[in-house]
Protein chains: 2
Amino acid sequence: MSQELATTSYALLGLLAFGDGLTGYELKQRADNTLRFYWVSPAMSQVYTELTRLEQLALVKMNTERRGLRTTRRYHLTDAGSTALREWLARPPAEFPILKHPVALRLLMGHLIDPGMRRSMLDAYLQSLAQRRIELQAVRDSLGDEPAVRFPAMVADWGLDYYESERAMVTELRRRLEGE
Amino acid sequence: MSQELATTSYALLGLLAFGDGLTGYELKQRADNTLRFYWVSPAMSQVYTELTRLEQLALVKMNTERRGLRTTRRYHLTDAGSTALREWLARPPAEFPILKHPVALRLLMGHLIDPGMRRSMLDAYLQSLAQRRIELQAVRDSLGDEPAVRFPAMVADWGLDYYESERAMVTELRRRLEGE
DNA sequence: ACAGCCATGTAACTCGTTACATGATTAC
DNA sequence: GTAATCATGTAACGAGTTACATGGCTGT
């Protein structure tokens with residue numbers, strides 16, 4: 001029963017565990033609101049191929065609806081899907097996080113960048129970081145206090161703290177680059 | 001001249017910009033010491049294929065050495081390679097970091113995990129985080145105060161601060177899960 | 001009428017991994 | 001002599017992306 005699926009597949013099953021009966025399109029939207037910050041938001045095309053595969057594995061089932069001429073497919077977790085998800089969650093250990101940090105990577109080669117560029121790179125990063133934070137804050141606000149989304153809220157708070165500490169660290173780095 | 005290479009290719013060029021005349025094997029070791037923490041450490045096989053490609057693009061050149069029966073290939077940056085690397089570094093903006101955080105992803109679905117498991121997952125994460133930190137600290141120590149590696153040292157310090165703030169946040173999360 | 005969103009998919013391709021394969025050199 | 005490390009590659013595969021392709025529904 002513990003067939004190896006990619007983490008992204010489990011992530012999609014997890015989204016279905018919250019809002020059952022979603023279309024591929026809606027699933028992508030949910031992914032943009034949550035997965036994007038802690039994992040990745042798969043491309044639309046991948047969502048659809050993934051759903052097809054999960055259906056073949058009988059982890060989700062699909063209902064075809066017809067509204068006028070348009071066909072809409074809504075996906076639900078099956079019992080097998082729910083079991084597979086819980087088994088994955090119970091299977092330790094969780095892998096160590098992977099960080100792909102282009103700004104850190106570039107700063108590593110700081111001696112090849114001119115000083116002004118180094119500083120403006122960090123400034124630009126601070127700006128995009130602030131933007132991201134606003135986006136995550138909006139998601140956090142939308143979750144409110146509802147017990148049903150207590151864990152998503154907790155993780156969103158974690159993410160916000162991370163953005164804050166990153167902001168502080170980069171600001172300090174920026175200051176160190178100032179004095180030269 | 002600004003042909004699009006993958007970020008990992010530039011990362012390898014960057015490593016060659018520090019220690020010129022490295023073998024594929026040595027390059028992999030350097031990657032394990034630095035890139036691993038902020039980007040990814042490519043598999044050995046990828047290092048070799050990447051070097052072959054970079055050579056075809058004339059961004060690196062290769063010297064074949066013979067020591068007894070063994071053939072060793074040492075790679076150096078060419079002028080074109082150095083230029084391509086600098087151009088990439090000067091080409092803003094740097095992309096936003098990507099975080100793949102399996103622990104956060106799982107906690108998102110915390111309602112599907114039993115409370116004991118939730119706590120032990122965070123405990124295990126704290127442990128591997130401490131381990132990682134020791135590894136990065138060793139790298140940092142090896143860099144010392146030398147001006148030639150000032151930027152790698154700066155980035156290593158940044159990474160250490162990140163591990164520390166992550167430790168603090170997870171410890172706090174762990175505490176919140178305690179009271180239930 | 002037109003824009004923007006909803007909705008679903010296929011095809012080609014790239015990046016990167018694991019598994020496979022080989023063998024020399026060095027230190028104990 | 002034998003284990004660890006140095007050294008280089010090929011083959012098969014998987015995960016994920018972008019580009020391509022289509023078309024209905026909704027609000028103004």
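Residue numbers start from 1 in every chain, and the chains themselves are labelled A, B, ... in the order their sequence lines are given, proteins ahead of strands.
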B:Gln46 CD to D:dA11 P, in whole Å, measures 17 Å

Give the rounded distance in Å between these two atoms: OH of B:Tyr10 and P of C:dG16. 13 Å

Quick one, give me the B/S/- string for nucleotides 20-28 of chain C, reading 5' to 3', where B means a protein heavy atom under 4.0 Å from the base and S means that only happens at the primed atoms, P, OP1 or OP2. ---BBSS--

Over 12 foreign heavy atoms within 6.0 Å of CZ, B:Arg30: no

For atom CG of B:Asn63, is the number of surrounding heavy atoms from other residues, nucleotides or ligands below 6.0 Å larger than 12? yes

Of the candidate nucleotides C:dG9, C:dT17, D:dT18, which contains the atom at the shortest distance from the side chain of A:Arg73? C:dG9

Could you walk me through whether A:Met121 and A:Arg106 pass the side-chain contact (heavy atoms from CB on, under 4.5 Å) check? CA-CA 9 Å; A:Met121 179 177 74; A:Arg106 283 160 190 243; 3.7 Å; yes

Rounded distance in Å - CZ (A:Arg66) to P (D:dG24): 14 Å

Any side-chain donor-acceptor pair under 3.5 Å between B:Ser9 and B:Glu50? yes

Double-helix bend of the helix from C:dA1-D:dT28 to C:dC28-D:dG1, axes at both ends from 5 pairs, round to 10°, gives 30°

Kindly indicate whether the side chain of A:Tyr125, heavy atoms from C-beta on, has any atom under 4.5 Å from the side chain of B:Pro97. yes

Can you tell me the distance, in whole Å, between the CH2 atom of B:Trp39 and the P atom of C:dC15? 12 Å

What residues 17-32 of chain A contributes to the DNA chain C interface at heavy-atom separation below 4.0 Å is A:Thr23, A:Gly24, A:Tyr25, A:Gln29

When you match A:Val40 and B:Thr71 each to their closest nucleotide on DNA chain D, which lands nearer the 5' end? B:Thr71

Toward the 5' end of DNA chain C, by each residue's nearest nucleotide, B:Arg53 or B:Met44: B:Arg53

Distance-only side-chain donor-acceptor flag, A:Asp141 / A:Gln137, under 3.5 Å: yes

Whole-Å distance separating the CD1 atom of A:Ile98 from the P atom of D:dA15: 14 Å

So the salt bridge (Lys or Arg N to Asp or Glu O under 4.0 Å) pairs with at least one residue in residues 161-173 of chain A (sequence neighbours excluded) are A:Arg133-A:Glu164, A:Glu164-A:Arg167, A:Glu172-A:Arg175

Working note: A:Thr23 + A:Arg73, criterion side-chain contact (heavy atoms from CB on, under 4.5 Å); need CA distance, chi angles, decisive distance, verdict. CA-CA 6 Å; A:Thr23 68; A:Arg73 300 166 198 287; over 6 Å; no

Contact class for A:Ser45 vs. all strands (heavy atom < 4.0 Å): base, sugar-phosphate, or nothing? base

Pick out which of B:Leu5, B:Leu77, B:Leu16 makes a side-chain contact (heavy atoms from CB on, under 4.5 Å) with B:Leu59. B:Leu5

Donor + acceptor pair across side chains of A:Trp39, A:Thr8 (<3.5 Å): yes

Nucleotide C:dT17, atom P - distance to CD of A:Glu95 in whole Å: 15 Å

Apply salt bridge (Lys or Arg N to Asp or Glu O under 4.0 Å) to B:Asp32 and B:Lys28, showing your working. CA-CA 6 Å; B:Asp32 284 340; B:Lys28 167 64 174 162; 3.3 Å; yes

Going by the rule side chain to side chain donor-acceptor pair (under 3.5 Å), which residues pair with B:Gln131 if we only count those two or more places apart in sequence or in a different chain? B:Glu135

Are the side chain of A:Ser82 and the backbone of A:Thr78 linked by a donor-acceptor contact shorter than 3.5 Å? no

Protein-nucleotide distance (B:Asn63, atom CG; D:dA7, atom P), rounded to Å: 15 Å

More than 12 non-hydrogen atoms from neighbouring residues, nucleotides or ligands closer than 6.0 Å to CG on B:Asp145, yes or no? no

Any B:Thr49 side-chain N or O less than 4.0 Å from OP1/OP2 of D:dT10: no

May I ask you to say what A:Ala43 touches in the nucleic acid, namely base, sugar-phosphate or nothing, with a heavy-atom cut-off under 4.0 Å? base

Which pairs, protein N/O on one side and nucleotides 1-3 of chain D N/O on the other, fall under 3.5 Å?
none

Decide if the gap between the ring center of B:His101 and the ring center of A:Phe96 is smaller than 6.0 angstrom. no

Gap between atoms CD and C1', on A:Glu50 and C:dT8 respectively (whole Å): 16 Å

Looking across every strand, which nucleic acid part, if any, lies under 4.0 Å from A:Ser41 by heavy atom: base, sugar-phosphate, or nothing? sugar-phosphate

Of the candidate nucleotides C:dG16, D:dG16, D:dA7, which contains the atom at the shortest distance from the side chain of B:Lys100? D:dG16

